[in-house]
Visitor: 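Got a structure here, written out as structure tokens. Questions coming.
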2 protein chains.
Amino acid sequence: MPQYERVEKVRLLVVDDDPPIADLVATVARYEGWAAVTANSGEEALRLSAEFHPDIVVLDLMLPDLDGFGVLDRLRAAGTMVPVVFLTARDGVADRVAGLTRGGDDYLVKPFAVEELMARLRTVLRRSSGPGFQRSVLRVADLMMDEDTREVRRGDKLLTLTPTEYEVLRYLMRKSPTVLTKAQILDHVWEYGFGGRSNVVELVVSRLRRKLDDTGTPLIHTVRGFGYVIRQAAE
Amino acid sequence: MPQYERVEKVRLLVVDDDPPIADLVATVARYEGWAAVTANSGEEALRLSAEFHPDIVVLDLMLPDLDGFGVLDRLRAAGTMVPVVFLTARDGVADRVAGLTRGGDDYLVKPFAVEELMARLRTVLRRSSGPGFQRSVLRVADLMMDEDTREVRRGDKLLTLTPTEYEVLRYLMRKSPTVLTKAQILDHVWEYGFGGRSNVVELVVSRLRRKLDDTGTPLIHTVRGFGYVIRQAAE
DNA sequence: AGAACAACGACAGCTTTTCGACAGCTCCCT
DNA sequence: AGGGAGCTGTCGAAAAGCTGTCGTTGTTCT
């Protein structure tokens, strides 16, 4: 029984009329091992959906031809039950979307952070793939993060993290024991287009350390001149 | 989305309006067994991309005609998903470039060290060639270097190397059991244009030895009047 | 033995990292 | 709408760590 025998790749359809954004999402997804295709208009989306049979769809609400809702309606009319994650502008129709995200759908406001989008996609996928979806729990040494309850504990001690701290920690844990550069962390955890060229990452790491290492040995390590890792301290 | 199987040599397109730099990169790549072509302008880059179908592109941001971003846009518009590694001046547009690593592309600041560029290219290539990207681990005798975790161990013992030491060791290990001259090491590991006419290489090797050979038999051997090798037992 | 080459200790300058203090913002409660 | 609490990012100073130069000592070759 070969270890490498994995289930089929997740199939993702990204619909956004802004090619850079669509590509960004598709690329990140591919690096996660998914199969991704992009569509830049509603019509193209419908066509690709029929051909590609995605497992999940990322759908921008603002499209040149048909709008996001229109696409959704026609998808559903065609009998497709694919879960959809919507993208909307900050102020736009966020309220209406919220109402429409029945079932397993979800939505995210632009500009978003790629890691957050990926996390939502994973969640939606997990929920929609049949019954008895198992919890998603990340572990590194005695540090545990439950992605459903957002509970983080070091040993028995429950930690209270701010949203940013949580995201940075999740990214570090998900990639552990790979060393990540500050640029990678910034690019994945902060929303695209974030200007702050300062030492935010260092700062959040510093705050995280104070909370994490309060109990026990240090888990987040600095790799000088390169970046950060989270892992059990090696011998 | 076709997944290009790479059985052939890696195909690299280098785009830089400074011919010496472009040639430098192309030469090193060819020496690694890759197929490399150079372009000195944006237009030429687009033309060559269409003809040559590179697996990866090194793209200077400052070009006479179209700038780097323009080239990227037109590549993407043409439906090419080739990964790109950007080159930028130290202070220049580094900010605007940041944000590109999130897609999986990467960037490097000029002047750079050739080995570092090659390492990044290999990483990007590895990440972008499908899922299940295997770890890259170098081994020489009981010395092991994991390029993802940046972990280096001699036997069980974990070593802590500084960035320079790490780079020199990687280069030695990657070329092992070939003997490298000090000039080669200097030229590959230090940024081009490095002034140090001194004995830096000897010094770093010396420091490496102290850390490596602390346990076990010497691995880095001096080839008097020529250079250094790393390998099991010499002569 | 003498010359060339190599090893490496010590030091000073410099770069990177850490983190306290603070101010703007947002969100929530009343 | 006002007040307050908590979150985020900026700034700057201090600490920590890295690198290259110099110069002395050791080694090898002729």
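Side-chain atoms are counted along with the backbone in the values below, which use heavy atoms only and exclude waters and symmetry mates. In what follows, chains carry the letters A, B, and so on, assigned in the order in which the sequence lines appear, proteins first and then strands, with residues in each chain numbered from 1.
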Visitor: Scan Arg207(B) against the nucleic acid and name what it touches under 4.0 Å (heavy atoms): base, sugar-phosphate only, or nothing.
Guide: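 Base contact.
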Visitor: Taking NZ from Lys182(B) and P from dG20(D), how many angstroms apart are they, rounded to a whole number?
Guide: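 After rounding, the gap between these two atoms is 16 Å.
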Visitor: Check whether any side-chain N or O of Trp190(A) sits under 4.0 Å from OP1 or OP2 of dT8(D), and answer yes or no.
Guide: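 Looking at the OP1 and OP2 atoms of dT8(D), neither is under 4.0 Å from any side-chain N or O of Trp190(A).
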Visitor: I need a per-nucleotide contact map over nucleotides 24-30 of chain D, read 5' to 3'. Cutoff is protein heavy atoms under 4.0 Å; write B for the base, S for backbone only, - otherwise.
Guide: --BBS--
Visitor: In plain terms, say whether Glu32(B) and Lys175(B) are close enough for a salt bridge, that is, a side-chain N and a carboxylate O under 4.0 Å apart.
Guide: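 Salt bridge: yes.
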Visitor: Any side-chain N or O of Thr162(A) under 4.0 Å from OP1/OP2 of dT8(D)?
Guide: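 For Thr162(A), the contact criterion (side-chain N or O under 4.0 Å from OP1 or OP2 of dT8(D)) is met.
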Visitor: Do the side-chain N and O atoms of Arg224(A) and Thr160(B) include a donor-acceptor pair separated by under 3.5 angstrom?
Guide: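 No, Thr160(B) and Arg224(A) have no side-chain donor paired with an acceptor closer than 3.5 Å.
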Visitor: Need the bend value for the helix from dA1(C)-dT30(D) to dT30(C)-dA1(D): angle between end axes, 5 pairs each end, nearest 10°.
Guide: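 Rounded value for the end-axis angle: 30°.
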Visitor: Of all the choices, dT19(D), dT8(D), dT21(D), which nucleotide is nearest to the side chain of Leu203(B) once you look at every atom?
Guide: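 Looking only at heavy atoms from C-beta outward on Leu203(B), the closest nucleotide is dT21(D).
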Visitor: So, Arg207(B) and Glu165(B), do they make that salt bridge, N to O below 4.0 Å?
Guide: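 A salt bridge is absent here (no side-chain N lies under 4.0 Å from a carboxylate O).
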Visitor: Is there a side-chain contact between Tyr171(B) and Met118(B) (heavy atoms, below 4.5 Å)?
Guide: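 When only atoms from C-beta onward are counted, Met118(B) and Tyr171(B) do not touch, as no gap falls below 4.5 Å.
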Visitor: Glu202(A) CD to dT10(D) P: how many Å, rounded?
Guide: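 Distance, rounded to whole Å: 12 Å.
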Visitor: Give the table of side-chain donor-acceptor pairs shorter than 3.5 Å for residues 16-27 of chain B, with sequence neighbours excluded, one pair per line with atom names and distance.
Guide:
from: Asp16(B); atom 1: OD1; to: Asp18(B); atom 2: N; distance (Å): 2.8
from: Asp16(B); atom 1: OD2; to: Lys110(B); atom 2: NZ; distance (Å): 2.8
from: Thr27(B); atom 1: OG1; to: Asp23(B); atom 2: O; distance (Å): 2.6

Visitor: Charged N to carboxylate O under 4.0 angstrom, Asp214(A) versus Arg209(A)?
Guide: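 Not counted as a salt bridge, because no side-chain N and carboxylate O are separated by less than 4.0 Å.
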Visitor: Remember a base hit wins even if backbone is also touched, and classify Tyr228(A) as base, sugar-phosphate or nothing at under 4.0 Å, heavy atoms.
Guide: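 Answer is sugar-phosphate: Tyr228(A) comes under 4.0 Å of backbone atoms only.
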Visitor: Check the distance between dG20(D)'s C1' and Asn199(B)'s CG and give it to me in whole angstrom.
Guide: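 Value for this atom pair: 8 Å.
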Visitor: Figure out the NZ/C1' separation between Lys211(B) and dG17(D), and round it to whole Å.
Guide: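 Checked: the NZ to C1' distance equals 10 Å.
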Visitor: Which pair of non-hydrogen atoms, one from Val124(B) and one from Asp106(B), has the smallest distance, and what is that distance?
Guide: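 Heavy atoms of Val124(B) and Asp106(B) come nearest at CG2-CB, 4.0 Å.
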Visitor: For residues 136-146 of chain B, which side-chain N or O atoms pair as donor and acceptor with protein atoms under 3.5 Å away, sequence neighbours left out?
Guide:
from: Ser136(B); atom 1: OG; to: Glu147(B); atom 2: OE2; distance (Å): 2.7
from: Asp142(B); atom 1: OD1; to: Arg154(B); atom 2: NE; distance (Å): 2.7
from: Asp142(B); atom 1: OD2; to: Arg154(B); atom 2: NE; distance (Å): 3.4
from: Asp146(B); atom 1: OD1; to: Asp148(B); atom 2: N; distance (Å): 2.7
from: Asp146(B); atom 1: OD1; to: Thr149(B); atom 2: N; distance (Å): 3.1

Visitor: In plain terms, say whether Arg122(B) and Asp55(B) are close enough for a salt bridge, that is, a side-chain N and a carboxylate O under 4.0 Å apart.
Guide: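 Here Arg122(B) does not pair with Asp55(B) in a salt bridge, since their nearest N and O are not under 4.0 Å apart.
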Visitor: Answer yes or no: are there more than 12 heavy-atom neighbours, outside Phe226(A) itself, under 6.0 Å from its atom CZ?
Guide: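 Count over threshold, so yes.
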Visitor: Between which nucleotides of DNA chain C, read 5' to 3', does contact with chain B run, using atoms under 4.0 Å from its heavy atoms?
Guide: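 Under 4.0 Å from chain B, the extent on DNA chain C is dC5(C) to dA10(C).
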Visitor: Rounded to whole angstroms, how far apart are CZ on Arg210(B) and P on dT19(D)?
Guide: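 For the pair Arg210(B) CZ and dT19(D) P, the rounded distance is 14 Å.
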Visitor: Do Glu115(B) and Arg170(B) sit within salt-bridge range, that is, some charged N less than 4.0 Å from a carboxylate O?
Guide: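 Result for this pair is no, no salt bridge flagged.
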Visitor: Would you kindly give the CG-to-C1' distance between Leu161(A) and dC7(D), to the nearest whole Å?
Guide: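 Distance check: Leu161(A) CG to dC7(D) C1' gives 13 Å.
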Visitor: How long is the line joining CG of Leu208(B) and C1' of dT19(D), in whole Å?
Guide: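 Distance, rounded to whole Å: 13 Å.
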Visitor: In chain order, what residues pass the ring pair (Phe, Tyr, Trp, His ring centres under 6.0 Å) check against Tyr192(B), with sequence neighbours excluded?
Guide: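 So Tyr192(B) forms a ring pair (Phe, Tyr, Trp, His ring centres under 6.0 Å) with Phe112(B).
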